[in-house]
Every structure is written in structure tokens, then in C-alpha cells.
Enquirer: 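My structure is below; once you've seen it, I'll send some questions.
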Amino acid sequence: MEAETHTPQPCKLVVIISEAAIEQSLADEVMQLGAHGYTVSDVRGQGRHGARSALWGADRSIRMEILCDEETSLAILQHAEKTYFRHYAMVAYVADVGVLRPAKFKHQR
Amino acid sequence: MEAETHTPQPCKLVVIISEAAIEQSLADEVMQLGAHGYTVSDVRGQGRHGARSALWGADRSIRMEILCDEETSLAILQHAEKTYFRHYAMVAYVADVGVLRPAKFKHQR
Amino acid sequence: MEAETHTPQPCKLVVIISEAAIEQSLADEVMQLGAHGYTVSDVRGQGRHGARSALWGADRSIRMEILCDEETSLAILQHAEKTYFRHYAMVAYVADVGVLRPAKFKHQR
Amino acid sequence: MDAIPLFFVLGFVARLARSDLKIPGQLYEALSIYLLLAIGLKGGMELAKQDALALLPQAMSVLVLGAIIPLIAFPVLHKLGKLDRFNAAAIAGHYGSVSVVTFAVAVDYLIARGIAYEAYMPLFLVLLEMPGIAVGILLAKMGSDLRKVRWGVLSHEIFLGKSMVLLAGGLIIGWIAGPAGLEPLEPLFFDLFKGVLCLFLLEMGLVAASQASALRTSGVFLVVFAVVMPIVSALIGTVAGLLIGLSPGGTLLLATLAASASYIAAPAAMRIAIPEANPGISITAALVVTFPFNILLGIPLYDMIVRFAHGS
Amino acid sequence: MDAIPLFFVLGFVARLARSDLKIPGQLYEALSIYLLLAIGLKGGMELAKQDALALLPQAMSVLVLGAIIPLIAFPVLHKLGKLDRFNAAAIAGHYGSVSVVTFAVAVDYLIARGIAYEAYMPLFLVLLEMPGIAVGILLAKMGSDLRKVRWGVLSHEIFLGKSMVLLAGGLIIGWIAGPAGLEPLEPLFFDLFKGVLCLFLLEMGLVAASQASALRTSGVFLVVFAVVMPIVSALIGTVAGLLIGLSPGGTLLLATLAASASYIAAPAAMRIAIPEANPGISITAALVVTFPFNILLGIPLYDMIVRFAHGS
Amino acid sequence: MDAIPLFFVLGFVARLARSDLKIPGQLYEALSIYLLLAIGLKGGMELAKQDALALLPQAMSVLVLGAIIPLIAFPVLHKLGKLDRFNAAAIAGHYGSVSVVTFAVAVDYLIARGIAYEAYMPLFLVLLEMPGIAVGILLAKMGSDLRKVRWGVLSHEIFLGKSMVLLAGGLIIGWIAGPAGLEPLEPLFFDLFKGVLCLFLLEMGLVAASQASALRTSGVFLVVFAVVMPIVSALIGTVAGLLIGLSPGGTLLLATLAASASYIAAPAAMRIAIPEANPGISITAALVVTFPFNILLGIPLYDMIVRFAHGS
Ligand SMILES: Nc1ncnc2c1ncn2[C@@H]1O[C@H](COP(=O)(O)O)[C@@H](O)[C@H]1O
Ligand SMILES: Nc1ncnc2c1ncn2[C@@H]1O[C@H](COP(=O)(O)O)[C@@H](O)[C@H]1O
Ligand SMILES: Nc1ncnc2c1ncn2[C@@H]1O[C@H](COP(=O)(O)O)[C@@H](O)[C@H]1O
Ligand code: NA
Ligand code: NA
Ligand code: NA
């Protein structure tokens, strides 16, 4: 059973913005690294690799956000860095947020 | 008149990710609980209820974000928990952010 | 060469939600103010200016998020306030996040 | 061979093979708006050629048919299937309502074989959309305090859901405009119909396959139900068709409507009206089992039943 | 009865009844791209059959017509309606420009009644798109320091807005390709036109109803303006049609163009060019009042006016 | 004049002029799903009329053709162009694969001139889609430890990419359903084809122009390559067409297929399979230079070559 509280408990939010081509692999890997879920939306933007305007297939970007515990958040960031930063258009960041049911996002190791 | 400042003042950001079916009711309730606005985008994702890939109608998810004061943020989180967590695919979190015109997001009680 | 670390370093995230009509100018200005990139998604919502349901052209809204250093974040917020808050439907906020490669988001002045 | 079911198979296989083929969400919505409107318009146009009043008795009987099916399905699901009241009621509602695409495939089946049918059948499709859903919801609420039920919200969901608005709206426009008024719309709404139907079936194949893994956890009962229930409903529909004096073609369409389960209007309404029901269960039954069963095997089977009943 | 206005009514009623029917955003964009291109192509094809040079005097007159209307509307809005300079100018610009869909409905009105018209009328539609917007912007800027105005940005917005590019681009392609070159495109761009128009009107009904609540706050003046201004413009358009020697059918189209108010190109341009103007006001007037007025009552009324003026 | 290339020009110019015209992303996807399916269906329908076995030798030769082109392109890019192994291999793969839209434009070129061609040519289009990509990937991996390569992922990417599934799926459905089964789908998939192609070319013009700035940094070598390589490939394709006994029309189509470079299937596959390659380079070459070159100048040029080769 999940422990539920009525004030928000600390949790990490990882956000990764990258090429749509890697959505599926990224999702699989994030789950493997201990996340229990993720949310994806379609975005466009600009960065070091120039404009990605989502005008057509190869030009689409996605934004993935993952609520998880701190350990998982670091694992995800480091995995993304190692695997994708070099060859793919990508940015990633982590933020501190609060959730009502922190157990839902904790990795059982 | 709103008080305006030139450095960001603290404010809460609530984010709720859930099934598209409840977008309208959620929006109505959020406003009733004291928020002055909200922003919605279409997302897809995975969680405890399995994959929600937005492939078709019943499978679509939304992400709603609400800037509000702390009291309202707690009210929204608790309302969401009470009303939807049991039967709907949903996650929610709250974050600390800064805004230039905090009065815009404050609930007059 | 960028300095890379394996623990997240502080960085600012600015988020601006406004009318789709100003997407292009906003993007240009954000880059001019020192950001090195931005990400845009299509959203709908409600606020002081009433509902913006993205039902049709004039009714569409966008959400732009920008990772940058603190100075740039303030410059962007203040520019948005000065230029758009008066006549356009808009909200903006700033959050503290962590990134692995902070140099990527720092403005060289 | 008829191309329509092949598109379903293509989508199904592509997804099982984990292809990245996807129908963009808004294209899916555009296709369903088109199909619902087109079927409504077609029915309305035929209605304009009829004496609408004369259809009233038939129409009433069809409404009753739509209410009976979930009343049969519910106890089976609840007692035999050991599903809780909410899930049993929700599934019963799906099977009481109808699948627009299954109907379109059956119409195509008749046209391809040159079998005549009452051209105003889409009227019955529109009529059958709601009562099943309404009865399903009532069944779910019977346990709870009926005064607490938000009837306004529920009837709004049933009568003003977008499927209903497009079907009924199309029907009324077609009726008012009549064949002459619709003529300039034919290239879009009638000539392209079957092609668009194929695209929609491609998408349905993708969706069905993406839900197929739920079969493993859903249990044998549900699968058996999702095959046997349509046959039972088709029998009832056949009887109803005979009673109200439909032609063999019309009877087959009514039997198919009875046999079909909704996976567009019903899931949307049920999600709001019966939040306690797990949408995965009803969609697996209606879309993963019953829908392909109907378009691949059911329709020919019901055709045999109807022929037998009509003694031809 | 003609089906087109019925789709508008369906959308309007569905939305007022708070149905969840929605036209997905990208479908809306797809429909407008289609309509603009199709009208441009049609016009260009007809232009290819003409001596284009001979149309020059008519074309010039039409440009003047487009500039006159906002000059009439502006003082009415500013002085009589007590709207500030920015809002008055923005609304005037909307009424100086034209509504592509209203034009299409008027063309359909003529075809349904077998009334002939100059087939190159879409050229005038293209020509009337811009000058009204330009004059509206100029009126707004007259108070401020003209040297500070970013003319480059403004003219970019006017001449390179997507409506303009699609209309003018279609016109030029149609002109160059000619009837023979366009023949293979007919099934898409011409045969489906009216059906797509219906879908667009369904969407316009939804949008108009979603803005309708703004009527309550907009005041009586605006509503009266949004009904009277089109009639005045139609009269001016009728006179212009007579002066440049159009047939009764062509005159009706020109009157309708004059009477119509833009709600696609103008709002986009105005939002950038006159940020001080509240877009809600002009859209309420143009879309919630003038547009349905024109397609439901205006066109028949202008037809009567034109017949009277042509003495037939 | 033919309208098709004009739509490309319209898109290209509109974007260069910084118009805000955009084809919404999901419309782009809808258009490509349509085009791929339609071409597959068309080819399958023609295949149903043939003795498919008799085509086997031709089909094998075409597969070889698809493998040869990247083997020629790779050393040129790597040695002459000084591109690293990854980029050279990725670009070679793009040129080994084919452009569906270029093929469609060439078919249209033949139809407009009344030149006959083997109606089963879309089969070769389907066959040519993959081998070039596969060879490109192999070339990239040759340097690295071949045991570390994830062959499963790669072959999945190649055979189950959505272009392949739609093309091959359409082909198989068309084959099974045959001309009679496809007849009701003709209004959507065949009659509208050319119109939809125009919309797609409008979009391609927009995309090409948006990538055009990359030309400045890409260097002269790449531009020269992107013009010369298609001509070389067209020559090889012409020889292949002669060898396998195609008609002049069929030979032109095969030459055009050889000359064309993929910008839908290949970029998607390469991005996964060769992440080290900069996608900007191959897309600039394939889409900004080769694609317009082919549809504006290449096809007529290859026509001359083929006529010469066929001695007519
Ligand atoms: N400073 C930034 N702020 C927000 N989003 C960014 C930023 N830089 C890059 N992005 C996003 O990340 C994608 C890839 O970035 P890059 O690898 O820098 O090209 C871009 O297309 C943007 O969508
Ligand atoms: N850990 C997570 N991080 C980010 N999004 C999540 C997470 N878990 C669930 N979600 C999102 O919330 C939706 C509902 O979650 P659930 O109720 O766990 O199925 C999913 O479809 C995801 O879009
Ligand atoms: N309190 C809020 N929380 C989140 N989003 C908001 C809020 N207020 C406004 N917005 C968004 O910002 C847009 C413009 O806001 P406004 O200028 O208040 O009309 C709205 O359409 C919403 O998308
Ligand atoms: Na049923
Ligand atoms: Na006007
Ligand atoms: Na090639």
C-alpha cells in the first residue's frame, strides 16, 4: 500500500527535450532505470543544432517529463548524457517538486 | 490595481496529468477552488494504468498547469486526490516558481 | 569546450504562455536577450482575457520554455512584461532547475 | 476480395510487429467526424424520401431493442462473469450501443452482393446509439442513492456527446436538405466514404493490436462473452427485424447493429458516468474481440441466420 | 433547401448546448488551406481564359473600393461608437477586408439559382483581401509618430500572411497552369469544394457560438454596426459593380465581398499591427454577427438590391 | 503548363520570403500516409493483373540496383568529399533509397505525355526503398565491431519503418483485392492523388526552403554531388531498365527512381542506425538540391537519355 499524506512531499522532476526519433528508446530506458511512468508532448524549438520547427518528420522534437526519486533522476540524466548528448539535439534538466503520494514515484531497489 | 515588481515573487505551480475525459470538469473545479487561470496541453505517457498513447479518443491525456497561491495549490491537489486519484489515471505535483505580478495569481478570499 | 559535471548545476527556467501570434517575435527577442535556445508547444487555457480554447486561428496559445542563466531570465521576464503584458494574453514564471552542462545555457557577455 | 477488412489486418499486424506506423490523433478525429456526418447525411437523405411518420412504430421497437440487450448482458457479466456492478454495467452499455464502422462494413457487404436494404437504416443506427448507454448507466447507479446521481451531467453526456451530435445533426441536415440539396456534397461525403472507411479500419487495427496485450489479463470469460454476446444479440436483432417487417438486407443490418459494440461513443460517456469501471476491460472486449469478430466472421454468419429466418 | 447554412447552424447549436464537439485545430488549418488554395486556383484558371490586361481598370476600382469601406467605418466607430482610435481602426480594417467563406457561399447561391457571373471574380477577392487591412492599420498609426512605425513588419504581415500567400499563390498557379494543367487537380480542388465548405461552416458555427457570450458585454452599438455596416458596404459594392460593368451575378458577388468582414486574415494581421486593439471586439462583430447575418439573410437581401439596381 | 512543380515553387518562395504559411505537422503526416498507401495500392492492383512469378528476375535485378548505388556514392563522398565514414555512409544510403514523390511526379510526366510504362512499376519502388538504406548502414558499421551492432533494431528500422509498411501493405492489399476490390476506393486513392501530391509538394517547398540556409555551410562539394550523383544513378538505372527489358516509359521511371534520394524513410532509419551522422547534411543534399533538381530538370533530362538509349 502506498503511504498517502496531505502535504506535498519532495520528489524530482526530470525533463528531457530531444528528437522525436528517440522517443521510444528513451521511454524504454527511463522505465528500466527505475521510473514508474513518464509523460510526453510534441514540441518545437531551437538550440545548438539550429531550429527544429516540427515542419516535417525528421524535424520533430518531443518533451518528456518524469517524476521519480533523486537516485533515478540522476541515473536518467547521466544515461541521457552518455547515450545521446553527443549525437542528438537534446537538453535535460531536473527540478524539485512536491507530490502527495511520493511512494508512487519511488524505485524499489 | 496589481502591484508590480521587477524581481520574481514566489508563487506555486500545480501540474496535473490525467485523462482527456475530465479536462472540462477539472478546469471548472480548478477555477472554483480559487485559481484565476490554467493552461492545458495534449500529452501521452505511461504510468500505473499502463500506456496511454493518445492513439485514439479514449486514450488521450492532458497536462494542466495552474499558477496560484499556496492555499489554492493545496486545495487543488487535495481535491484532485479525493475526486480522481482512485478511478482515473492521474499524477499531480506542485513546484515553487517566481512571477513578476503575484497579485494576478492570488485568490481573494 | 564545455565544462561537464555529473551532478546537476543550478540554472533558470523561464516559461512564457501567450498568444500564438507573437511566437516568432518572442523567439527572436529571447535569443537576442542572451538565451541559446527555447522550446515551444501548443496549448490552450483560460485567464484574465477569458478562454483561449485553440478552436481556431486567432484563439491559439503557445507555451515557450527557456533554460538560461539568472541574468538572462530576468531580462526575458522584464522584456516580456514591458512589451506584451499590457496588450496580450500572457503569463510568465521562472523556476530553479538543475542541468548537467550549465555552460550550454550561459550567456557570454 | 473486399479490401476493407484487409486494412484492419494491416494495422493489426503492423502494430503487433511493433512498426512505428501511427495515425496522427487529429487525423483520427477528422476521420471519425467525417464518417459520423456522412452516415447521418446519407440516412437523412433517405428519410427525406420516406413518410417519416410511418416509420414511428419501427423506430420505437428499435429503441426497445437497444434497451433489452444490456439488460441481458448485465446479469451474465455480473453473475456468471463475477464482474462487479460497475464493470458489468459499463460493458453491458457498450454492447447495447452500436459501432458505426461495423454498420458501414455491413452496408458494404450488402452492396457488394447486390442485396437490397431499407435505405433509411442509418436512422436506426442513430436511434440505437443512446438507449444502450443510458441503460448501462442506470444499471450502474441502481446500487447507489439515486438522488445523488447527477442526471443533468449524464443525459448531457449521452445526448450531446460528439458522436450523437454528428450523427443526429447529419441526419437532420440530410432530411431538411433532401437529395437535391445534398447533391453537391456527394463527391466528399458519399464518393470518398469507402476509402475513408479503409483508413479508419487501418487505425482500428493499430488500436486493437495496441490493446491486445490486455487479453492475457482479461480472462477467458471476457473473450467468450465478446464472441457469444454478439451472436445472441444478432439473433435478437434478427427477430426484431422480422417483427417490424424489414427486408432480409435490412434485417441483416439490424442484426449487425445489435451485435456490434460501441467503442467511440460508449467509452467516452462511460468514463464520465461510471468512473468506477475500468475502461480497459470494456474496450478490450468491444474493440479487440467483438469488432474484428463481427467484420471478419460475424457479418457472414448473421447473413446465414437472417437468410434462414427469412426462409430464403 | 441548401445544406451549407445548416452546417453553420449545427455547429452553433451544438456549442450553445455545450456539446463536446470540436474540430481539431490542425483540421481547421487544413480546411482553410484547402479553401484558400481552391478559390485561388479557380480564379486563376478563369483568369487564364481572359485578357488579363483588359481587367486592369476593373481591378484598380476594386482596390479603391477596399480602401473606401474602412474610411467610412472608422469615423462611425470612433465618433458614433465612442471606440478608441485603435479599436475603431482595427474593426474598420476587418470590414474593409473580405471573408473567403462568405464569398464561397454567395457563389454557391448563384450556381444554385443558375445565375451567371464573371468567372474571374476570385481575382477581386484576392485584391480586396489587403487594402482594407492596410487602411485600418494606417488609421491606427495616424495618431502616433509615423517614423516609429515598423513598416517592414506591417507590410510583411499584410502581403505575406498565409491567407494572402495561398490565395494569390493559387491564383498565379491557376493562371500559369490554365484549365488543361488544372484538370487533374479538379477532383480534389473543385469537386470536393462544397463538401469542405460545409465542414468549415460547421467549425465556424462552433467558433461563433463560443464567442457569442461576448455579445452581452459588447453593447448594442456594436451589434447594430455589425448588421448595418454590411448593408451599407453592399450598397457601395453594388454601385461599384454597376460602374465597372459587372453582370448582375458579378455585382452580387462584389456587393457580398464588400459586405463581408474578414475573420481569418484580418485578425492575424491586426494582432501584430495594432496590439492595442482588443481582438475580442472585432471578432465578435465580424464572426458572431456579420458572418451569419450575411450567409443567412444578407446574400438574399443584396440579391434584391442588385436586381433592383440592374433593373431586372 | 503542369501545375505540380509550381506548388513546390510556391512553398519555396513563400518560405524564403518568410511568410508564416505552414502545413500543420499532422496534415503533413496524413498526406504522406495517403501518398504511400495510394502508390502501394496502385502497384498492387497492377500486380494482380500480372503473372507475379514472371517478374521475379526483374525484381531481383532491381534489388541489386538499389545496392549498387550507395556502393558507388560512398567512396566518392568519403574519399573525394572528405566526409567521415558515418556521414558518407548515411548520405550514400539516402541516394540508394528512393523518393516516393519524385516517382509520382515522373509518373505524372509520362501520363501527361501519353507515354506508356509498365503499370507494376510501384513494385520496384517498394523494392528499392530498403536495400540502399541497408547498404548505407552496413557501410557505416564496417569500421566498428560488427558483433556489437544491434542487427535486430536495425532490420526492424528498415523493414518496419512506416513508409515501408504503408507501401508494402498497400501493395499487398491491392494485390489481394485486385481491380474489382479496389474500385470503390478509387475516388479517394486514385482520383484525388494528383491534388494531394500538389499539397505535398507545397509542403516540400516550404521544408526545402527552411533547410536552404544550410547550403551556405555545406560546401560546394555537396551541392555538386547532389546534382551529379542523380545523373550518374539515372544512367545506371537506364542501363538496368534496358537490361531487364523495360519499355522507354518504364526505363524512365527506373532511371528516376535510381536518381532520386529518399527524404522520408532514409532520414528516419539513419537517425537511429547511424547517430554519428549529421542529419542536416544528408537532408540538405537530398531535399534541398536533388529533389528540386529531379522534378524541375532531372526528369526531362533522363527522358532524353532514355530516348537516346532506346534509340527513339
Ligand atoms: N536554452 C534552451 N532552453 C529551452 N530549450 C532548449 C534550449 N536549448 C535547446 N533547447 C531545446 O532542445 C532542443 C535541442 O537542443 P540542442 O541540442 O541545443 O540543439 C532544441 O530544439 C530545443 O527544443
Ligand atoms: N512517474 C511519472 N512521471 C511522469 N508522468 C507520469 C508518471 N506516472 C504517470 N505519469 C503520467 O500520468 C498518467 C497517468 O498515470 P497513472 O495514473 O500512473 O497511470 C500517465 O499516462 C502519464 O502520462
Ligand atoms: N493562473 C494561471 N495558471 C496557468 N496558466 C494561466 C494562468 N492564467 C493565465 N494562464 C494562461 O495564460 C494565458 C493568458 O492569460 P491571461 O493574460 O491571464 O488571459 C491563458 O490563456 C492561459 O493559457
Ligand atoms: Na449492440
Ligand atoms: Na468587406
Ligand atoms: Na536512388
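In what follows, chains are A, B, ... by sequence order, proteins preceding strands, each numbered from 1.
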Enquirer: Check whether any side-chain N or O of Glu29(E) sits under 3.5 Å from a backbone N or O of Pro24(F) as a donor-acceptor pair, and report yes or no.
Expert: no
Enquirer: Taking side chain as C-beta onward, heavy atoms only, is Val165(E) less than 4.5 Å from Asp20(F)?
Expert: no
Enquirer: Which heavy-atom pair separates Leu188(E) from Val196(F) by the least distance, and what is that distance?
Expert: CD2-N, 3.5 Å
Enquirer: Kindly give the heavy-atom pair with the smallest separation between His156(E) and Ser19(F), and that separation in Å.
Expert: NE2-N, 4.1 Å
Enquirer: Considering only heavy atoms, which portion of Ile173(E) lies under 4.5 Å from any heavy atom of chain F: side chain, backbone, both, or neither?
Expert: both
Enquirer: Is Ile172(E) in contact with chain F via its backbone, its side chain, both, or neither, using a 4.5 Å heavy-atom distance?
Expert: neither
Enquirer: Measure distances from Phe7(F) to the heavy atoms of chain E and classify the residue's part below 4.5 Å as side chain, backbone, both or neither.
Expert: both
Enquirer: To check you understand the geometry: which heavy-atom pair defines the closest contact between Leu21(F) and Lys162(E), and what is its length?
Expert: CA-CB, 3.7 Å
Enquirer: With only heavy atoms counted, which part of Leu10(F) is less than 4.5 Å from chain E, the side chain, the backbone, both or neither?
Expert: side chain
Enquirer: If every non-hydrogen atom of Gly25(F) is compared with every non-hydrogen atom of Gln26(E), which pair is closest and at what distance?
Expert: N-OE1, 3.7 Å
Enquirer: Are the side chains of Leu202(F) and Leu37(E) in touch, meaning some heavy atoms are under 4.5 Å apart?
Expert: yes
Enquirer: Would you name the heavy atoms of Leu185(E) and Ala3(F) that are closest together and state the gap between them?
Expert: CD1-CB, 3.9 Å
Enquirer: Once you round to the nearest 0.5 Å, how far does CG of Leu182(E) lie from NZ of Lys194(F)?
Expert: 9.5 Å
Enquirer: Please flag which part of Leu197(F) lies under 4.5 Å from any non-hydrogen atom of chain E: side chain, backbone, both or neither.
Expert: neither
